[in-house]
Amino acid sequence: MKKTRIALIGCGNIGRFHLEHFKQMPEVELVGVCDLIIEKAEVFAKEMNCPAFKDYKEMLDAVSPEAVFIGIPPYCHGEIEFTLIERKIHMFVQKPVGLDRKLILDINDKIRESGIITASGLQLRYETTVPVLKDFASRHKIVSSSFVRIGRVPQIEWWRDRSKSGGQLVEQAIHQVDMMRYVLDDEAEEVFSFGSHDIIKDMPGFDVEDMSVSAIRFKKGTLATFTVGCYATGNEPSENKMIFGATDARADYFMLERLKVYGDKVEAQAENDSAEVVKGDGRIISSGNATIYQPSGDCGLVCDKTFIKAIQTGDPSIIKSPYEDAIKSVFLTLACNESMVTGKPVKVDLDF
Ligand SMILES: NC(=O)c1ccc[n+]([C@@H]2O[C@H](COP(=O)([O-])OP(=O)(O)OC[C@H]3O[C@@H](n4cnc5c(N)ncnc54)[C@H](O)[C@@H]3O)[C@@H](O)[C@H]2O)c1
């Protein structure tokens, strides 16, 4: 199959993540990299033996990519997407795909008209334990669901500025928000959130919530909570866990680490109660009434490869998080942000 000509806009942290994947993707040819800080692009370019650009339009004119990966901060979205759509270039947009509802919807409308293929960086959907989790949720009525994501403030300047990052729920915990929507196969109806600005006091330029708690009602009836904090000063207070609770069973999902299912009949348990079984896409360890599934591989690589495969085969249905779906996770997190500010419950508007 002919290699797909791709380019990268944004040579920061996530740009590096994609670059390492491109090195493992014989199906693509990286024809250019671009960053406003040209020195960052030059480092990538040297490694990949391709040209570096400061201006993305110059790059598009010079190297004519078929697809572009966009890894820029949340507040920088807009012009790049409109330009790519106008030129009919397929695009992979990192999460959160934007912070402004109207801008996001305008981009989405243009995508619909153009028919380009899109994907977003919600790569947990491709994690190998997630089909097990989705299957679990489809066979049990999930009455309660929650996640806790506690960590430190990332060492990224724009992250601390709420107008640029959207805050921790929008920028970071959107992965868990998206997983909840995906696993429950449901949409949130209404949210009520509290945000704190009381824990981190002495960090210059810091104005995002240092902690927030949200209560969410999903359409099919699941009640959920999101607990998010960036107040940790070390690893000990950190936590990253999701719970999907049914009346007769429970699944705990630890991002990229393990899935632990309680009270659900699985093949591994039936065969041998203390078995450790290698099963296709990951290990299963069974003991007592809990079964632990361990993920395998790099879901980020699978996410990037799936986008390219969709382009090469002309089948966008294999993409688990196209732009049109990724924006629903943004809108849910933005509804929580609005509730934190207004102190009132907010309906999640997915009518578009
Ligand atoms: N999917 C994931 O797991 C994951 C992980 C990390 C970051 N991200 C997301 O990736 C995005 C970027 O985060 P980051 O940590 O890489 O940020 P970063 O600050 O390290 O890098 C962003 C880069 O984009 C460049 N840039 C901004 N506007 C540009 C433009 N118009 N043209 C060219 N370059 C431009 C900046 O100069 C910077 O080098 C964020 O939305 C973040 O949430 C996703």
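In listed order, ligands and their atoms are each counted from 1. Computed over heavy atoms, backbone and side chain alike; hydrogens, waters and symmetry mates excluded. Just so it is clear, the model here is predicted, and its values are computed rather than measured.
Where the criterion is an N or O separation shorter than 3.5 Å, residue side chain and backbone included, G121 meets it with respect to ligand 1. Residue C76 places no N or O, backbone or side chain, under 3.5 Å from any N or O of ligand 1. Between L36 and ligand 1, an N or O atom pair is found at a separation short of 3.5 Å. Below 3.5 Å of separation, one finds an N or O of E171 facing an N or O of ligand 1. Below 3.5 Å of separation, one finds an N or O of Q94 facing an N or O of ligand 1.
Heavy-atom proximity to I9, at under 4.0 Å, picks out these atoms of ligand 1: 32 (N), 33 (C). Atoms of ligand 1 lying under 4.0 Å from any heavy atom of I156, numbered from 1 in the order shown and given with element: 15 (O). For ligand 1, the atoms closer than 4.0 angstrom to any heavy atom of G12 are 16 (O), 20 (O), 21 (O). For ligand 1, the atoms lying closer than 4.0 Å to a non-hydrogen atom of P73 are 22 (C), 24 (O), 27 (C). Set against the non-hydrogen atoms of K40, the atoms of ligand 1 under 4.0 Å away are 38 (C), 39 (O). Counting the atoms of ligand 1 from 1 in the order shown, those under 4.0 Å from a heavy atom of Q123 are 1 (N), 2 (C), 3 (O). Close approach of ligand 1 to H175 is summarised as follows: ligand atoms under 4.0 Å from at least one heavy atom of the residue are 1 (N), 2 (C), 3 (O).
Under 4.0 Å is where a charged nitrogen must lie from a carboxylate oxygen, and between K110 and D106 no such pair does. Residues E187 and K219 are not paired through a salt bridge, judged by the lack of any N-O separation under 4.0 Å between the basic side chain and the carboxylate. One finds a salt bridge joining E66 and K2 here, because a Lys/Arg side-chain nitrogen approaches an Asp/Glu carboxylate oxygen to under 4.0 Å. Using a cutoff of 4.0 Å between basic side-chain nitrogens and carboxylate oxygens, D186 and R181 are not scored as salt-bridged.
Nearest non-hydrogen protein atom to atom 15 (O) of ligand 1 is N13 ND2, 3.0 Å. Atom 7 (C) of ligand 1 has its closest protein heavy atom at I14 CB, 3.8 Å. In terms of protein heavy-atom proximity, atom 36 (C) of ligand 1 is closest to D35 OD1, 3.5 Å. Among all protein heavy atoms, the one lying closest to atom 9 (C) of ligand 1 is K95 O, 3.4 Å. If you check which protein heavy atom lies closest to atom 11 (C) of ligand 1, you get I72 O, 3.3 Å. Scanning all protein heavy atoms for the shortest distance to atom 19 (O) of ligand 1 gives W158 NE1, 2.9 Å.
The aromatic rings of F147 and F226 lie parallel to each other, their planes meeting at an angle below 30°, with 60° marking the opposite boundary.
The local environment of CG in D248 is crowded, with over 12 non-hydrogen atoms from other residues, nucleotides or ligands closer than 6.0 Å. More than 12 heavy atoms of other shown residues, nucleotides or ligands fall within 6.0 angstrom of atom CZ in F352.
Remark: distances from the non-hydrogen atoms of P96 to ligand 1 include one below 4.0 Å.
Two rings, from F92 and H18, have their centers less than 6.0 Å apart.
To the nearest 0.5 angstrom, M211 atom CE is 6.5 Å from I199 atom CD1.
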Before giving the answer on salt bridge (Lys or Arg N to Asp or Glu O under 4.0 Å), spell out for E47 and K23 the whole-Å C-alpha distance, their side-chain angles and the decisive distance to 0.1 Å.
-> CA-CA 10 Å; E47 242 175 276; K23 292 176 184 170; 2.6 Å; yes
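Cluster membership check: M179 does not share its hydrophobic cluster with I150, using side-chain heavy-atom separations under 4.5 Å among Ile, Leu, Val, Met, Phe, Trp and Tyr. Following chains of ILVMFWY side-chain contacts shorter than 4.5 Å, one cannot reach F44 starting from I38, and the two form parts of different hydrophobic clusters.
Using a 4.0 Å cut-off between heavy atoms, I80 contacts ligand 1 through its side chain alone, with no backbone atom that close.
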